[in-house]
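Data block below; observations after.
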Amino acid sequence: MKTLLEMSGVSVSFDGFKAINNLSFRIGEPELRAIIGPNGAGKTTFMDIITGKTRPDEGTVIYGEKSISLLKMSESQIAMAGVGRKFQKPTVFEAQTVRENLAMALKNKRGPFDVLLYRKTKRGAERIEELAEIIGLTDALPRVAGELSHGQKQWLEIGMLLAQDPRLLLVDEPAAGMTPAEREHTTDLLKRAAKKHAVVVVEHDMEFIRRLDCRVTVLCEGSVLAEGSLDHVTSNPQVIEVYLGR
Amino acid sequence: MTRTFLTQNRSVFWFLLALGIFALIVTVLSDAAGNGMISTSFVKTLGKTLCLMLVAVAMDVVWGYTGILSLGHMAFFGLGGYMIGMWLMYARTEIIVTESLLAAAIPPTPQEIHDAIGTQIFGVVGSSEFPAIWIFAHSFWLQIAMVVLVPGLLALVFGWLAFRSRVTGVYLSILTQAMTLALSLYLFQNESGLRGNNGLSGLQNLPGLDDVPQATLSIAFFWASATALGLGYVLFAWVTSGKFGSVIRGIRDNESRVRFLGYHVEGYKLFVFTLTGIVAGIAGALYYPQAGIINPNEIAPIASIYLAVWVAIGGRGRLYGAALGAAFVSLLSSWFTSGAVPSVPLGFYTIQWTDWWLVLLGVSFVAVTLLAPKGIGGLFDLISTRHPTPARVGDFGPDTGARRTAEGEEEK
């Protein structure tokens, strides 16, 4: 398992508040990793740094075989390099159909002229059908995404993430608003993706994490508190104190 | 491809059909056809309106589709007018000057002719030297290229600076207002080289076509404007349909999400801003020969605000809405401000519509924004089934206890 992403010594503060404090993190490919931590532990900021939304004050973020630094790249360049993100709150394009949402996310050239001259291909259409099948929205393809239920929007966003075919998937609370059966389905999907790629899942639900059956990183006050198997970290007294004990 | 494009964009077909029928009717009823039902000046008004519709369609792509409320697009429109105006003035003055100089005993040298043209054009601002920006004015084709290049370059440079600093929302609107204001103030100066507040005039007289009556010219320009509107409509319908349209609507609704999908949002905004700037320039180049005169007042900030009002009243986010809004409001505006509308005597006060028209426009703008955000274009939803309420797909709930689809059907 080779390292895909390595963060070291990353710190970021907002108006004096240290959201991330000397954080170091490494994930290989393929690997499935869960991140837990209390509110305000810096989970979302962590993802913001990787995807280029937030610039850290110090530290390095190195990605891929060529060890490129993500800190000098724009959000879109990082996304094109293979980092995909699913947001905590489902953010799909509500005014557009499910098909359009998926088509936009589909892995293709992204330049304005490429997109302007883009012709629908049979392969693209098949890929959309295939994704719709996976996320259970085949019937909903022509529907406007705004009409979907919260859970369906979650699915659509997962579909969009898969459509990008990223190497590193950052998934923020995928199971929120889902029925138990759907959660199981999500677990399967993430596990399947983690056979080839690197998947980072941020989740609050312990049951969900137990089902993922992977290494767990516990974040607290912007740095790593513990790392290891779920049983290992949950038996850590510090973890119990800051997170589980309450 | 054309066929699928037209079937997917029905409005294009209907718009072109309506435009063609309208153009034919106007032609048949015009002075040029010897009929005289429509006066030449009204044909010009209609031709100008078509140009305004074109710039409104462009504005709709910038604002309604991409979500950039540009309040500076009339600057590009005006620049296009100035560019064509420079050639029109130069070429016509050249003909007049050459004729008068040929009467002299010694034939004039090209330099003498050039100087005489300069004196004729710039005498009004107390100068006779040609400013550097007139360097291409002698050539029709070069100046036509300037119609595209000058607004295009301004839009490109301005857009690049604004978008790369991620200026959005109301700040960007203010910036575009500042741009058009600065440009208009600059052009007001005599030193700007475009005759200051006098502007360029006599543009309705095409060089070498003095024998052609204005009635015929007005119809020619009317058709040229209609063609430009038709082509512009197809161009923008193509741009806003398909995947590109999907991406720019995504940018309008959630810019950062589009970024995280890997699209370079700034590049898209710059593309749309520049393309619409160029189209606005072309629309201006067709408008001002029909208007006959252009001066820096035409690119005052208020002009671009009017443009936004037309699009808002017509209905954002659909091209025909913007076109109809521009036509409706600008024609209504010229009717009200012409003094042809009877005043309303209230006893204690008489409402003169020439003064009160702006109040009426302002009130209707607020009313449309609050009560009918879809604008005039929204009326078409009443007769169209393009956006049907989606039928329920599947059962009412996930588990077997929920009502079945069939039960829902029975209740209908």
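In what follows, chains carry the letters A, B, and so on, assigned in the order in which the sequence lines appear, proteins first and then strands, with residues in each chain numbered from 1. Since we're looking at a predicted model, the values are computed, not measured.
- Heavy-atom neighbours of A:E133 CD from other residues, nucleotides or ligands within 6.0 Å: at or below the threshold of 12.
- Defined by atom type and a distance below 3.5 Å, a donor-acceptor pair is missing between the side-chain atoms of B:S256 and A:E75.
- Environment of CZ in A:R211: crowded, with over 12 heavy atoms of neighbouring residues, nucleotides or ligands closer than 6.0 Å.
- Under the 4.5 Å side-chain criterion, counting only non-hydrogen atoms from C-beta, B:W238 is in contact with A:L116.
- Ranked by heavy-atom pairs shorter than 4.5 Å toward chain B, the options A:P112, A:A79, A:A163 are led by A:P112.
- Counting heavy-atom neighbours within 6.0 Å of A:K107 NZ, excluding the residue itself, gives a total of 12 or less.
- Annotation: the span from B:K243 atom NZ to A:L106 atom CG amounts to 6.0 Å, rounded to 0.5 Å.
- Heavy atoms closer than 4.5 Å to chain A are found in both the backbone and the side chain of B:Y268.
- Within 6.0 Å of CZ in A:R55 there are more than 12 heavy atoms belonging to other residues, nucleotides or ligands.
- Electrostatic pairing of A:E100 and B:R249 counts as a salt bridge here, judged by a charged N lying under 4.0 Å from a carboxylate O.
- Distance check: A:S76 OG to B:H264 NE2 gives 5.0 Å after rounding to the nearest 0.5 Å.
- Neither the backbone nor the side chain of A:N101 comes within less than 4.5 Å of any heavy atom in chain B.
- Of the possible polar contacts, none joining the A:Y118 side chain to the B:G242 backbone as a donor-acceptor pair under 3.5 Å is found.
- For B:V258, the parts lying near chain A are the backbone and the side chain together; criterion is any non-hydrogen pair under 4.5 Å.
- Between A:M80 and B:G262, the closest heavy-atom pair is CG-O, 3.5 Å.
- If you measure heavy-atom distances from A:A103 to chain B, the contacts under 4.5 Å come from the backbone alone.
- Comparing A:S74, A:G84, A:G111 by how many heavy-atom pairs each has under 4.5 Å with chain B, the most go to A:G111.
- Of all the heavy atoms in A:V115 and B:V247, the pair that sits closest is CG1-CG2, 4.3 Å.
- With a threshold of 4.5 angstrom between heavy atoms, B:N254 approaches chain A through its backbone and through its side chain.
- Side-chain atoms of B:R257 come within 3.5 Å of backbone atoms of A:T91 as a donor-acceptor pair (strictly under, hydrogens ignored).
- Of the possible polar contacts, one joining the A:R110 side chain to the B:L261 backbone as a donor-acceptor pair under 3.5 Å is found.
- The side-chain heavy atoms of B:Y263 and A:M104, taken from C-beta on, include a pair separated by under 4.5 Å.
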